[in-house]
Amino acid sequence: MTEHMSDKVRIENRSGKNIVCVLGYNYPDLTLEFTNKQDLQTKESLLNVDGSQTKEIDTLGLCKKEVWDNTIKHSMLMLFVFDKNKLKKTNKLDDALVRRYYFSYAQLMKTKGIITIDSTRTNNL
């Protein structure tokens, strides 16, 4: 493994907004049943990615193929991106959801595990 590559997924936030990012492992289940607002607030220090920040949100080391294979169902990692301000004001996670992304292991490796979020790739920011 090269030195500049982390074994953890990182989010590069270029949207200019504060966002909350959650990884999902149960593709093709697109629901948010696996989490809730309280859970997201409890993990705030891990999941909040402020505007123009790059941050690891992966605690498992998903850029390692063996970890990926043991964790990810149907070979697709999902990323749920929430607007942090909207999330504060609503109890329904879907109301604060800005975008869902899907990544294969090969796609993630092309960017060395970095997922860039910018305003052109989000609908509601």
Side-chain angles (χ1 to χ4, degrees):
M1 187 175 293
T2 55
E3 290 190 346
H4 60 277
M5 183 172 160
S6 167
D7 60 1
K8 299 192 174 170
V9 174
R10 287 168 289 162
I11 302 297
E12 181 181 15
N13 183 0
R14 289 190 187 166
S15 71
K17 302 264 186 169
N18 296 338
I19 56 176
V20 178
C21 296
V22 183
L23 297 173
Y25 312 123
N26 297 321
Y27 183 84
D29 180 357
L30 304 180
T31 67
L32 295 165
E33 297 292 319
F34 67 92
T35 192
N36 58 55
K37 182 175 179 176
Q38 185 177 355
D39 192 37
L40 297 184
Q41 289 173 324
T42 302
K43 297 176 180 165
E44 196 172 286
S45 62
L46 172 68
L47 303 176
N48 286 3
V49 186
D50 294 338
S52 72
Q53 183 182 33
T54 298
K55 185 174 174 184
E56 285 181 357
I57 63 161
D58 161 23
T59 58
L60 303 174
L62 290 170
C63 293
K64 289 189 217 148
K65 185 71 168 109
E66 130 192 6
V67 175
W68 174 280
D69 289 342
N70 290 331
T71 308
I72 307 299
K73 293 187 177 152
H74 303 290
S75 301
M76 289 299 273
L77 175 68
M78 294 182 293
L79 172 67
F80 298 88
V81 179
F82 300 92
D83 180 308
K84 184 178 174 183
N85 293 331
K86 286 182 185 172
L87 193 59
K88 282 181 189 170
K89 296 174 190 164
T90 184
N91 288 320
K92 288 178 63 183
L93 291 182
D94 282 314
D95 290 346
L97 184 65
V98 178
R99 182 84 189 255
R100 286 185 193 90
Y101 294 93
Y102 312 95
F103 299 94
S104 67
Y105 186 76
Q107 287 173 309
L108 207 54
M109 290 304 94
K110 280 183 189 164
T111 61
K112 298 180 175 62
I114 298 171
I115 299 170
T116 301
I117 310 293
D118 62 36
S119 53
T120 61
R121 293 183 70 185
T122 51
N123 303 334
N124 305 332
L125 281 180

Would you mind reporting whether [Y] and [X] have side-chain heavy atoms less than 4.5 Å apart?
| X | Y | value |
| --- | --- | --- |
| Ser6 | Glu56 | yes |
| Leu87 | Leu93 | yes |
| Asn48 | Asn18 | no |
| Arg99 | Leu79 | no |
| Phe103 | Leu62 | no |
| Ile117 | Val81 | yes |

To check you understand the geometry: which heavy-atom pair defines the closest contact between [X] and [Y], and what is its length?
| X | Y | value |
| --- | --- | --- |
| Gly61 | Lys8 | CA-CG, 4.0 Å |
| Gly113 | Cys63 | CA-SG, 3.7 Å |
| Thr31 | Asp29 | OG1-OD1, 2.7 Å |
| Lys86 | Asp95 | CD-O, 4.1 Å |

Pair Glu12 + Arg14, salt bridge at N-O below 4.0 Å: yes
Trace of the side chain to side chain contact (heavy atoms under 4.5 Å, CB included) decision for Cys21 with Leu47: CA-CA 5 Å; Cys21 296; Leu47 303 176; 5.8 Å; no
Expected output: side-chain Lys17 to main-chain Gly51 donor-acceptor under 3.5 Å: no
Rounded to the nearest 0.5 Å, what's the gap from [atom1] on [X] to [atom2] on [Y]? Could you check?
| X | Y | atom1 | atom2 | value |
| --- | --- | --- | --- | --- |
| Leu23 | Thr35 | CG | OG1 | 11.0 Å |
| Thr54 | Asn13 | OG1 | CG | 8.0 Å |
| Asp58 | Thr71 | CG | OG1 | 8.5 Å |
| Leu97 | Lys92 | CG | NZ | 12.0 Å |
| Thr90 | Asn85 | OG1 | CG | 13.0 Å |
| Ser104 | Lys110 | OG | NZ | 7.0 Å |

Residue among Tyr102, Phe34, Tyr101 satisfying ring-ring contact (aromatic ring centres under 6.0 Å, His included) with Phe80: Phe34
Heavy atoms of other groups near Lys43 NZ, more than 12 under 6.0 Å: no
Hphob cluster co-occupancy, Ile19 + Ile114, side-chain heavy atoms under 4.5 angstrom: no
Linked, directly or transitively: Tyr105 and Ile11 (ILVMFWY side chains, under 4.5 Å): yes
For Glu44, all residues meeting side-chain hydrogen bond (donor to acceptor under 3.5 Å, both in side chains), sequence neighbours excluded: none
Derivation of the side chain to side chain contact (heavy atoms under 4.5 Å, CB included) call for Asp94 and Phe82: CA-CA 9 Å; Asp94 282 314; Phe82 300 92; over 6 Å; no
Verdict with reasoning, Asp50 to Lys84, per side chain to side chain contact (heavy atoms under 4.5 Å, CB included): CA-CA 9 Å; Asp50 294 338; Lys84 184 178 174 183; 4.1 Å; yes
Steps toward side chain to side chain contact (heavy atoms under 4.5 Å, CB included) verdict (Ile72, Tyr27): CA-CA 8 Å; Ile72 307 299; Tyr27 183 84; over 6 Å; no
